[in-house]
Amino acid sequence: MMVAAGLVVRALTWPDIARVVEVEREIFPTDPWAPESWWAELAHRPRREYVLAEDADGNVVAYAGIDHGGDVSDIMTVAVTPAARGTGLGDRLLGRLEDAAVARGAEAVILEVRADNEPAIRLYRRHGYAVIQTRRRYYQPGDIDALVMRKLLGEQEIRR
């Protein structure tokens, strides 16, 4: 568990699902994951790993998850509430996922991001991700392209 300025980042657990679903609907109003999807994601542990960030009042302010699939790990989601954006929380969560991938022996991390999500794209580029493919009209509704981004990990030290 990581604590800083009243913020706690910890493993996402079964009792957290209802709160995460509420936040998911706020962050992704057109295509949120259903509660059943969250149950399925947590059922895939330890291959899938999810973390949750709570503020000092216990409010969910962010969450993130990764799938460890051998030599390539796949970031499933990185989500930060509007109120917590611009605080570096996305950087912290992404770093934590990358550390987990390194610890599992991954050589690369991949992810998909909506082509119209400029803040997320900037976050990923800042961390060394590059676009390797575009999936046309992947996100529905709206026919929004998905950018597939990859970061080669190489020999990295785990950040604590």
Side-chain angles (χ1 to χ4, degrees), residues 1-69 73-101 103-104 106 109-129 135 137-151 159-160:
M1 187 183 323
M2 187 168 41
V3 180
L7 187 73
V8 176
V9 178
R10 62 172 176 79
L12 194 152
T13 62
W14 300 107
D16 297 318
I17 290 177
R19 294 186 309 141
V20 169
V21 167
E22 287 180 32
V23 174
E24 175 89 1
R25 289 180 181 140
E26 174 189 0
I27 297 172
F28 305 110
T30 61
D31 59 349
W33 286 4
E36 297 80 11
S37 296
W38 282 103
W39 285 97
E41 289 298 305
L42 291 189
H44 284 95
R45 291 179 294 189
R47 179 179 162 141
R48 297 223 171 130
E49 184 175 346
Y50 283 84
V51 294
L52 171 82
E54 295 174 309
D55 66 15
D57 296 323
N59 299 308
V60 175
V61 295
Y63 52 88
I66 192 165
D67 176 70
H68 302 290
S73 290
D74 189 352
I75 292 179
M76 306 302 290
T77 189
V78 176
V80 179
T81 61
R85 291 182 186 150
T87 64
L89 187 52
D91 289 295
R92 286 177 60 189
L93 293 181
L94 185 57
R96 184 159 171 159
L97 297 180
E98 291 173 355
D99 289 346
R104 295 281 192 105
V109 177
I110 62 170
L111 58 86
E112 294 169 352
V113 62
R114 288 175 61 106
D116 62 353
N117 189 342
E118 285 300 322
I121 293 167
R122 282 192 304 273
L123 168 71
Y124 301 134
R125 287 190 190 282
R126 205 168 46 245
H127 281 260
Y129 289 79
R135 294 185 177 153
R137 301 181 0 233
Y138 181 81
Y139 289 102
Q140 300 297 325
D143 290 335
I144 307 298
D145 293 347
L147 303 179
V148 179
M149 301 181 81
R150 179 183 65 193
K151 177 179 181 177
R159 297 174 293 273
R160 300 268 183 233

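Fair warning: this is a prediction, and the values are worked out from it, not measured in the lab.
- Every residue two or more places apart in sequence or in another chain was checked for a side chain to side chain donor-acceptor pair (under 3.5 Å) with D57, and none qualifies.
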Counting only pairs under 3.5 Å, give me each side-chain donor-acceptor contact of residues 35-48, with atom names and distances, residues two or more places apart or in other chains.
{"residue": "E41", "atom": "OE1", "partner": "R48", "partner atom": "NH1", "Å": "3.0"}
{"residue": "E41", "atom": "OE1", "partner": "Y50", "partner atom": "OH", "Å": "2.4"}
{"residue": "E41", "atom": "OE2", "partner": "R48", "partner atom": "NH1", "Å": "2.7"}
{"residue": "H44", "atom": "ND1", "partner": "A40", "partner atom": "O", "Å": "2.6"}
{"residue": "R45", "atom": "NE", "partner": "L42", "partner atom": "O", "Å": "3.0"}
{"residue": "R47", "atom": "NE", "partner": "D67", "partner atom": "OD1", "Å": "2.8"}
{"residue": "R47", "atom": "NE", "partner": "D67", "partner atom": "OD2", "Å": "3.2"}
{"residue": "R47", "atom": "NH2", "partner": "D67", "partner atom": "OD2", "Å": "2.9"}
{"residue": "R48", "atom": "NE", "partner": "D67", "partner atom": "OD1", "Å": "2.9"}

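- Here the straight-line distance linking atom CG of L97 with atom NE2 of H68 works out to 8.0 Å at 0.5 Å rounding.
- Residues forming a side chain to side chain donor-acceptor pair (under 3.5 Å) with E118 (at least two apart in sequence, or on another chain): none.
- No side-chain heavy atom of I144 sits less than 4.5 Å from a side-chain heavy atom of Y138.
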Step-by-step side chain to side chain contact (heavy atoms under 4.5 Å, CB included) determination, V9 to L52: CA-CA 6 Å; V9 178; L52 171 82; over 6 Å; no
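- Using a 4.5 Å heavy-atom cutoff, the side chains of S73 and E98 are not in contact.
- Taking L111 as the reference, I75, V113, Y124, Y129, M149 meet the side chain to side chain contact (heavy atoms under 4.5 Å, CB included) condition, with sequence neighbours excluded.
- Note on residues 76-87: no pairs pass side chain to side chain donor-acceptor pair (under 3.5 Å), not counting sequence neighbours.
- Smallest separation of non-hydrogen atoms from V109 and A101: CG2-CB, 3.8 Å.
- For I110, the side chain to side chain contact (heavy atoms under 4.5 Å, CB included) criterion is met by V72, D74, R150, not counting sequence neighbours.
- Here the CD-CG distance, from E54 to L12, works out to 9.0 Å after rounding to the nearest 0.5 Å.
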Residues R96, L94; criterion side chain to side chain contact (heavy atoms under 4.5 Å, CB included); working and verdict: CA-CA 5 Å; R96 184 159 171 159; L94 185 57; over 6 Å; no
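- Evaluation of the side chain to side chain donor-acceptor pair (under 3.5 Å) rule for D31 yields no partner, not counting sequence neighbours.
- Qualifying side chain to side chain contact (heavy atoms under 4.5 Å, CB included) partners for D145, counting only residues two or more places apart in sequence or in other chains: A115, T134, R136, R137.
- Atom CD1 in I66 sits 7.5 Å away from atom CD in E49 (nearest 0.5 Å).
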Evaluation steps, side chain to side chain contact (heavy atoms under 4.5 Å, CB included), between L89 and L7: CA-CA 10 Å; L89 187 52; L7 187 73; 3.5 Å; yes
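- Separating the CG atom in L123 from the CG atom in N117 is a distance of 9.5 Å, to the nearest 0.5 Å.
- Formation of a donor-acceptor pair under 3.5 Å by the D16 side chain with backbone atoms of T13 is found in this model.
- The side chain to side chain donor-acceptor pair (under 3.5 Å) check on R126 picks up D91, with sequence neighbours excluded.
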Check against side chain to side chain contact (heavy atoms under 4.5 Å, CB included), W33 and M76: CA-CA 11 Å; W33 286 4; M76 306 302 290; 4.1 Å; yes
